[in-house]
Amino acid sequence: MPVRLVIFGRQGAGKGTQCLELSSHYGAPHISTGDMLRAAAAEGTPLGLEAKAIMEQGGLLPDEVILGVVEERLAQPDVEESGFLLDGFPRTVPQAEALVAKVDIDIAIDLSVPEDVVRERMLGRAREDDTPEAIDKRLALYAAETVPVIDFFDGLDLLVVVDGLGSPGEVTARLVAAIDERLAERA
Ligand code: AMP
């Protein structure tokens with residue numbers, strides 16, 4: 001049975017790792033809009049060129065552009081068969097509204113890790129763009145952008161908050177338990 005889920009989490013919350021685990025556990029494609037846009041930018045397609053400029057400024061693509069990209073991806077046969085794990089989309093309330101108007105979502109997950117913990121993790125990683133200022137900016141942007149979208153799914157009774165603290169294996173087990181519970185309710 002297809003599983004259709006959306007996952008939210010701050011940068012540094014372990015979302016990337018968990019998406020890979022969940023994608024293989026449920027056999028559902030991991031659809032990351034950020035990955036798709038970076039691939040398009042590397043290929044130099046018209047979308048990629050537009051995305052590159054916006055990504056470099058830390059902005060968001062216009063809703064209608066990203067909606068076109070996502071709609072096209074969700075129309076692929078693997079999605080019909082196995083569902084999807086959406087990562088990085090929706091980022092705005094209009095994107096979320098457009099999504100739920102098109103497809104039934106089983107569960108929206110907020111992979112929750114306190115701000116001070118993700119800040120420490122990102123500083124520990126010490127990538128070039130992980131300066132304390134850049135990290136604070138991304139955390140503030142997440143709060144401003146994503147929290148209203150999370151609230152939107154909460155309002156639809158689709159949201160489950162999963163504690164992202166602990167070993168990757170522990171977190172995966174928690175996520176699978178939360179998703180399975182929701183799928184059982186749906187069945
Ligand atoms: P991410 O890897 O998810 O952080 O995405 C990288 C960049 O791609 C973001 O900073 C945005 O510029 C763009 N992007 C990804 N997903 C979306 C989206 N749903 N809406 C608008 N822009 C997006």
Side-chain angles (χ1 to χ4, degrees), residues 4-23 28-76 79 83-103 105 107-113 115 118-119 121-123 125-131 133-154 156 158-159 162 164 175:
R4 289 158 301 210
L5 58 103
V6 180
I7 185 160
F8 300 99
R10 295 189 174 95
Q11 227 179 349
K15 183 164 55 89
T17 308
Q18 296 302 332
C19 281
L20 294 179
E21 291 295 327
L22 293 177
S23 174
H30 171 212
I31 301 178
S32 156
T33 46
D35 286 351
M36 291 170 77
L37 295 174
R38 279 183 290 272
E43 278 172 35
T45 64
L47 166 73
L49 295 179
E50 180 181 2
K52 191 162 186 265
I54 293 172
M55 288 190 287
E56 277 167 2
Q57 289 162 14
L60 289 179
L61 268 85
D63 287 337
E64 61 275 15
V65 174
I66 196 78
L67 279 167
V69 171
V70 172
E71 271 181 34
E72 201 178 301
R73 181 64 188 88
L74 294 184
Q76 302 299 312
V79 166
F84 53 78
L85 215 162
L86 270 176
D87 171 11
F89 178 94
R91 273 283 221 294
T92 66
V93 172
Q95 289 178 15
E97 285 170 341
L99 177 68
V100 300
K102 287 237 172 247
V103 275
I105 299 294
I107 180 171
I109 293 170
D110 178 11
L111 183 62
S112 171
V113 174
E115 252 193 45
V118 292
R119 190 178 285 115
R121 283 185 189 172
M122 283 194 267
L123 283 171
R125 236 168 29 184
R127 287 197 322 217
E128 216 169 281
D129 56 346
D130 282 350
T131 62
E133 296 72 29
I135 290 169
D136 282 342
K137 199 175 155 200
R138 286 207 294 271
L139 288 172
L141 192 69
Y142 183 83
E145 251 175 28
T146 312
V147 171
V149 184
I150 292 177
D151 289 346
F152 172 85
F153 284 99
D154 197 17
L156 296 178
L158 287 172
L159 186 74
V162 174
L175 285 164

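In what follows, residues are counted from 1 in the order of the sequence shown. Ligands are counted one by one from 1 in listed order, and the atoms in each one are counted from 1 as well.
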Check: Is there a side-chain contact between Phe84 and Leu74, using heavy atoms and a 4.5 Å cut-off?
Finding: yes

Checklist line | From CG (Leu156) to CD1 (Ile105), nearest 0.5 Å | finding: 10.0 Å

Note to self: Show, in sequence, the C-alpha distance, side-chain angles and deciding distance for Leu86 and Leu99, and conclude whether the side-chain contact (heavy atoms from CB on, under 4.5 Å) test is met.
What the structure shows: CA-CA 11 Å; Leu86 270 176; Leu99 177 68; 3.8 Å; yes

Notebook entry, point to check: Is there a side-chain contact between Lys15 and Asp87 (heavy atoms, below 4.5 Å)?
Noted result: yes

Item checked: Electrostatic pair Glu133:Lys137 at N-O distance under 4.0 angstrom -> no

Next item on the list: Could you name the protein residues that come within less than 4.0 Å of ligand 1, counting only heavy atoms, and order them by chain and residue number?
Entry: Thr33, Gly34, Leu37, Arg38, Met55, Gly59, Leu60, Leu61, Ile66, Gly88, Phe89, Arg91, Gln95

Check: Between the main-chain N or O of Gly9 and the side-chain N or O of Tyr142, is there a donor-acceptor pair closer than 3.5 Å?
Finding: yes

